[in-house]
> 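Before I ask anything, here is the structure I am working with.
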Number of protein chains: 2
Amino acid sequence: MTTDKTWAPLFERLRTTTGAGQEDLQALAALPIALRHYGENQAVLRDGEQPSDCCLIVDGFCVRSKTIADGKRQILSIHIPGDLPNLQNLHYATVDHDLVALSDCTLAFIGHKALKDLIAQRPGVGNMFWRDTLVDAAISREWIVNVGQRSTTSRLAHLIVELRERLRLAGRVIDDMFALPLTQEQLGEAMGVTSVHTNRILRDLRIAGVLELQRGTVRILNEHKLQELAQFDGRYLHLSPSS
Amino acid sequence: MTTDKTWAPLFERLRTTTGAGQEDLQALAALPIALRHYGENQAVLRDGEQPSDCCLIVDGFCVRSKTIADGKRQILSIHIPGDLPNLQNLHYATVDHDLVALSDCTLAFIGHKALKDLIAQRPGVGNMFWRDTLVDAAISREWIVNVGQRSTTSRLAHLIVELRERLRLAGRVIDDMFALPLTQEQLGEAMGVTSVHTNRILRDLRIAGVLELQRGTVRILNEHKLQELAQFDGRYLHLSPSS
DNA sequence: CGTTGGGTTGATCGGTATCAAATAGCGTGG
DNA sequence: CCACGCTATTTGATACCGATCAACCCAACG
């Protein structure tokens, strides 16, 4: 059965962040799902659509983004295995941004009706999911701080550290390395700077021996320097049920 | 009874955005609340606290903010009458930012326990509130776009238009004017620029005949120019139950 | 009054955008 | 296998937006 692999990263997260009960998780795993694959830069959801399913990222990376009138694009969040990037559509019909696959992705689609029925039957599932959307919101708020106040170097460091913490939960970090399949252009769009500038910041970090990013893989070279730059305080991730 | 005035702006919003039923709203209005007043720049919640109540803004303005290590502050959201700025604490204990009163404020505090009991009894109330936190998250995402991609002028215009749309729902807009009790320093912290620069942008907008901001009151002078600058698309506010 | 906090303006500096061009990597088809 | 073309990365030169520093104004208020 592939079910295990499908749900594993989500369940891992829910267990540690919400203290989810085994019964709720089993009920969840019993829901009918449809697996679909997406390729690089393929849109999963487009601004304005009204999806009838929520999707779970089983494997790969996706981003939420918005494009404004003059063509500039802002990446709003980076999503990793175990994330439910459009849970919000359970409660409002229309997506107000794009959701794009960064790399080859496997997504599991879960119908709204099945999900709503389960939540009605098991309030604990609803609470888990509500909390999940709240943590998503907390991450967005920290993203605002990142773009609004930190220097570009700190900004990149912070983004890297946050991603690593979240990927760790999903079991996707090996030693000092993890996947970050964003081009420099996309990293720039996440940070609100150009790709040229992103390139120079990456060079500085490489020369300073902090980290290197090659072919979509980050390697941390100096944890101490990285922390100093990122000033990362992970409380906003609310990683324990009681926090 | 003051209850009417207390709940009015929230109910107004819930009715139009979630199509809330009268019974759910009545049950909500029956909850015991405690009214408290706050003065300018007084902290309602501090980063790290673990509140046992959620607060409803009855009158006045509050902001969420975060201060980073070097002392820089980012304003994350502006809250107006009818907002529930720490609903998230129903699901996680610790606040991860500050909540500060901008002006003289009246807040109504509602105990978590009473709220949770009501939600358990009336799932419709839970759904309304969940949705409310989701719209809050959507506003945060648009805030990221604002800070990350728009020119400072557009950024300010967008902030103004969003606030006006939200204040309209709360019945707080009269003709072309509404209250915006932020100093230029605070407006700058909302937009990720300095107060000096905010001052110059405001001057430009005044000279261009777009809007003026005096003693905490905005007056729109040229709606057309304002729209052109803001490029505001309010779908992310999800103002109708079906959107 | 004097004090204080916001607002306003000017001068200068630095970080980032922009424009341009060269290089490197990688899949495709000849 | 190599040539080709596409895309991403890298570097340089220059322009400009916004930060910073400094001073001054102004209205509110004790």
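A, B, ... follow the sequence lines: proteins, then strands. Residue 1 opens every chain.
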> Would you mind checking if B:Arg150 and B:Glu142 are paired as a salt bridge, meaning a charged N to carboxylate O distance below 4.0 Å?
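Looking at B:Glu142 and B:Arg150, the cut-off is met.
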> Between A:Glu212 and A:Arg206 (salt bridge meaning N to carboxylate O under 4.0 Å), is one present in this structure?
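Here A:Glu212 does not pair with A:Arg206 in a salt bridge, since their nearest N and O are not under 4.0 Å apart.
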> Atom CD of A:Gln149 and atom C1' of D:dA19: how far apart are they, to the nearest Å?
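Rounding to the nearest Å, CD of A:Gln149 and C1' of D:dA19 are 12 Å apart.
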> Under 4.0 angstrom, heavy atoms only, what part of the nucleic acid is B:Ser151 near: base, sugar-phosphate, or nothing?
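Nothing, no nucleic acid heavy atom in range.
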> Taking for each residue the nucleotide of DNA chain C with the nearest heavy atom, is it A:Arg155 or A:Arg215 whose nucleotide lies nearer the 5' end?
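Result: A:Arg155.
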> Between P on D:dA28 and CD on B:Gln214, what's the gap in Å once rounded to a whole number?
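Going from B:Gln214 (CD) to D:dA28 (P), I get 12 Å.
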> What is the distance from CZ of B:Arg150 to C1' of C:dA17, rounded to the nearest Å?
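About 19 Å, once rounded to whole Å.
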> With side-chain contact (heavy atoms from CB on, under 4.5 Å) as the test, pick out the partner of A:Tyr92 among A:Asn89, A:Thr94, A:Val95.
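Among A:Asn89, A:Thr94, A:Val95, the one meeting side-chain contact (heavy atoms from CB on, under 4.5 Å) with A:Tyr92 is A:Asn89.
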> Are the charged groups of B:Arg13 and B:Asp132 less than 4.0 angstrom apart, N to O?
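So B:Arg13 pairs with B:Asp132 through a salt bridge.
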> Measure the distance from CE on B:Met191 to P on D:dC17 and round it to the nearest whole Å.
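My rounded result for the distance is 16 Å.
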> Atom CG of A:Leu180 and atom P of D:dT9: how far apart are they, to the nearest Å?
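Spelled out: CG on A:Leu180 to P on D:dT9 is 11 Å.
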> Nearest-Å distance, CD (A:Glu189) to P (D:dA8)?
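Going from CD in A:Glu189 over to P in D:dA8 covers 11 Å.
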> With under 30° as parallel and over 60° as perpendicular, where do the rings of B:Phe232 and B:Tyr236 fit, or are they tilted in between?
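Aromatic pair B:Phe232/B:Tyr236 classed perpendicular.
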> When you look at CZ of B:Arg168, are more than 12 heavy atoms from neighbouring residues, nucleotides or ligands closer to it than 6.0 Å?
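For B:Arg168, atom CZ is crowded (more than 12 foreign heavy atoms under 6.0 Å).
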> Could you state the CD-C1' distance from A:Glu185 to C:dA17, rounded to the nearest angstrom?
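Atom CD in A:Glu185 sits about 13 Å away from atom C1' in C:dA17.
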> Is A:Thr152 close enough to C:dT16 that one of its side-chain N or O atoms is under 4.0 Å from OP1 or OP2 there?
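So the side chain of A:Thr152 is within the cut-off, an N or O lying under 4.0 Å from OP1 or OP2 of C:dT16.
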> Using a strict heavy-atom distance below 4.0 Å, which residues from residues 192-209 of chain B are in contact with DNA chain C?
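Here the set is B:Val196, B:Asn199, B:Arg200, B:Arg203, B:Arg206.
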> Nearest whole Å is fine: how far is D:dT10 C1' from A:Gln184 CD?
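Rounded to the whole Å, the gap is 8 Å.
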> Which residue, A:Asp136, A:Asp98, A:Asp47, forms the salt bridge (Lys or Arg N to Asp or Glu O under 4.0 Å) with A:Arg64?
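With A:Arg64 as partner, A:Asp136, A:Asp98, A:Asp47 yield a single salt bridge (Lys or Arg N to Asp or Glu O under 4.0 Å), made by A:Asp136.
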